[in-house]
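What follows is a single structure, written as structure tokens, with notes after it.
As the structure is a prediction and not an experimental result, all values here were calculated from the model. Below, read A as the first sequence line, B as the second, and so on, with proteins coming before strands; counting in each chain starts at 1.
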Number of protein chains: 2
Amino acid sequence: MTARNDRKSARATADLVAREANVSRVAVSRAFNPNASLKPEKRDRILQIARELNYTPDMAARSLVTRRSHLVGMIVPDVCSPWESQEIDALTTALQAEGFATLLFKAKADFSMDQTLLTYMRGFNPDSVIAFTENVDADVLSGFLDRAVPIYVSYDDGAQFAGTSSSLYDRLLVRQRDGIEQAVALLQGYGVRRVAYLGGKRQSLANRERELMITKILVERGMQPPTVIDGDYTYDTAYRATLDLFRVEDGADAIFAANDVGAFGAIDALRHDLGLSVPGDVSVIGFDDIPQSHWKAYNLTTVRIDLEDRVRALVRLILRRLRNPDDGPLTETLGTRLVVRGTVG
Amino acid sequence: MTARNDRKSARATADLVAREANVSRVAVSRAFNPNASLKPEKRDRILQIARELNYTPDMAARSLVTRRSHLVGMIVPDVCSPWESQEIDALTTALQAEGFATLLFKAKADFSMDQTLLTYMRGFNPDSVIAFTENVDADVLSGFLDRAVPIYVSYDDGAQFAGTSSSLYDRLLVRQRDGIEQAVALLQGYGVRRVAYLGGKRQSLANRERELMITKILVERGMQPPTVIDGDYTYDTAYRATLDLFRVEDGADAIFAANDVGAFGAIDALRHDLGLSVPGDVSVIGFDDIPQSHWKAYNLTTVRIDLEDRVRALVRLILRRLRNPDDGPLTETLGTRLVVRGTVG
DNA sequence: TTGTAGGCGTTATCAT
DNA sequence: ATGATAACGCCTACAA
């Protein structure tokens, strides 16, 4: 009889709901928009009928006119690495609570950002974009995304973008100094002399800044600059690099890894291949404090970046920018601190 | 002068490109649609101008009329668990290559699927939906997603949906028997008598089916059914459960874990807390074969589900369904096999 | 508070 | 091969 009894309605539209409720199409629209003025009982009735008809406003149609897609793009080189996956998880949860959905894109593993991907993503009109890939030029990115302002992660004194770019971008500033300083102090306290820095991907900004900061602090404290060994944030590379360090090179008293997973590789190489004890013979410190770091097999001492803080800061940036699109550059700051477990001593 | 010289064009539309190229708006549309007929040189010229104007077709507007959003929804309870994150990564890569973007949603960790989330997701009109959460009724899901047909993962004899549901859904069938049989044979070969099954989340279908299959095969081979201990797929719970098994209960000769991460927890509890050797005193077998399983600290013998195969199968299901929306139920099958490393002996 | 008219950017249909 | 026209489903004006 009525539309309610339709066999399997392809998709209920606002018109259908309106007809069923004897109101205009606009009233239905208003019923779903909390700010719009509508007699409460009327709104309730409409929402009730909408539920019966299994109607939900079409975001695509809505975004066409409101110019808001409620989509946040995330460009990730590697979803499965523990740190990134944690962050994706937390961000998605937080954004979902604010009414945004996560649109996930995979960049090439080599941190390059090809224009094809950007062009492709652009079609979806994300309201905001979080790029885990660091070496995208701000100009390139904001040239491609009109209504979105990119967010970059930078480090400590990181003035790397200043002057370089005329584009607008927001910034998450990570103060690595605190955590690294605590780590170096701890090592120094145990009489460590020769520190090796086991790097992450060379193109990675985080990696470069970590190396710089560690070197700086070692020197400030009257210690030798670190032996730098190349890595790429993976377990396997870290494992081999550690083997080389001790078989081909002169070894070290302590290894400072660019991330926790790399530290795991170093620990396993030391223990299971080189027959060395951690922390007895060699101390190891990681970076990130991922959940695996407290697993008994590693029990890693590491520099922690608080994930919750980080996500909250990112969400704040996104929401502030969305509410005030014409504001100047926005910045949020984030600290780090050492978590002491059992791999230094 | 011309539109090309605009300061910062808010967003180039097809109309703009059309005007610039002295063609109709429809021609621009066709230029971006490879199947549409258009004189090659004309298409090239249009695409060239589009590039200059930084124009990309608007997916929202397009989906409004084509009824294809090119969005694939993924509902995940936990993005950071290694197996899920791997799968998300691989699926996103594969789908991206086919022109689909991943729309990520977080479900509650308790595997419940609230209607709020479904309603919310519906608004985005995903062309397809992959739910990692297993206990959603097929009727509920397909009732909510009109143009999407849900995909379920089922196991071996898994007739769990048959008859229960009248809704259309596609199926990925995982044949666990092969891998589990090889695992049991290996244990039996080493003289293992008392096997414990360290479970995953109780609501999880995969977990129930694994328990059933292991029990079945043990009995078939004349062995005792396993001692079943509760877990939830996490390291910490597995760790504590293993402690209980050996301190409060009678222990076991071998632990078969519902997933690799659980196996890690068991191994660490045995080695670092109970002072037992793996595999000397107790053998451990996992399930999944995540990358961490080959890390030296664990070097886990485990039942492998090939990720590449799995993703390919899922993508095939999605694409077949998209091309032939009215087909009957689709099914893909997936095998498992044992990967022998160092935790059985 | 409510309804009418118009348009968001694209593709499908039907012409030519 | 190409172009005019009419949707797609919704929201923002504006008017009542």
Whole-Å distance between D:dT2 C1' and B:Glu41 CD?
14 Å
In whole angstroms, the gap separating C1' of D:dG9 from CZ of B:Arg122 amounts to 13 Å
Any side-chain N or O of A:Thr13 below 4.0 angstrom from OP1/OP2 of D:dG9?
no
Short side-chain N/O contact to D:dC11 OP1/OP2 from A:Thr66, under 4.0 Å
no
A:Phe105 vs A:Phe124 aromatic rings, parallel, tilted or perpendicular, using cut-offs 30° and 60°?
tilted
Out of D:dG3, D:dC10, C:dT10, minimum distance to the side chain of B:Asp58 belongs to C:dT10
Just the rounded figure in Å: distance from C1' of C:dT11 to CG of B:Leu64.
10 Å
Please tell me which of the listed nucleotides, D:dC10, C:dT10, D:dA4, lies nearest to the side chain of B:Ser24?
D:dA4
Close side-chain approach of A:Trp83 to A:Leu307, heavy-atom, < 4.5 Å:
yes
Can you tell which of B:Arg316, B:Arg310, B:Arg312 makes a side chain to side chain donor-acceptor pair (under 3.5 Å) with B:Glu332?
B:Arg316
Are OP1 or OP2 of C:dT1 and a side-chain N or O of A:Lys42 less than 4.0 angstrom apart?
no
Using side-chain contact (heavy atoms from CB on, under 4.5 Å) as the criterion, point out the one residue from B:Thr92, B:Leu91, B:Ile88, B:Leu95 that pairs with A:Lys106.
B:Thr92
Looking at the base of D:dG3, is there any donor atom on it, or on the side chain of B:Arg30, that sits under 3.5 Å from an acceptor on the other one?
yes
Spacing between B:Arg25 atom CZ and C:dA12 atom P, to the nearest angstrom:
14 Å
Would you mind telling me which of D:dT2, D:dA13, C:dT1 lies closest to the side-chain atoms of A:Lys39?
C:dT1
When the distance from CZ of A:Arg68 to C1' of D:dG9 is rounded to whole Å, what number comes out?
20 Å
Among D:dC10, C:dA12, C:dT10, which is the nearest nucleotide to the side chain of B:Val26?
C:dA12
Counting only side-chain N and O atoms of B:Ser29, is one of them less than 4.0 Å from OP1 or OP2 of C:dT10?
no
State, with a plain yes or no, whether a side-chain heavy atom of A:Leu71 is found less than 4.5 Å away from one of A:Asn125.
no
Of the listed nucleotides C:dG3, C:dC8, D:dG9, the one nearest the side chain of A:Arg67
C:dC8
Looking across every strand, which nucleic acid part, if any, lies under 4.0 Å from A:Tyr55 by heavy atom: base, sugar-phosphate, or nothing?
sugar-phosphate
I want to confirm an ordering. Mapping A:Arg62 and B:Leu38 to their closest nucleotides on DNA chain D, which one lands closer to the 5' end?
B:Leu38
Given atom CZ of B:Arg43 and atom P of D:dA1, what is their separation to the nearest angstrom?
10 Å
Starting from P on C:dT2, measure out to CD1 on A:Ile46 and report it in whole angstrom.
8 Å
Take A:Val65 and B:Ala27, find for each the nucleotide of DNA chain D with the closest heavy atom, and name the residue whose nucleotide sits nearer the 5' end.
B:Ala27
Using side-chain heavy atoms (C-beta onward) and a distance below 4.5 Å, is B:Met74 in contact with B:Thr102?
yes
Whole angstrom is fine here: how far is it from CG in B:Asn35 over to P in C:dA12?
10 Å
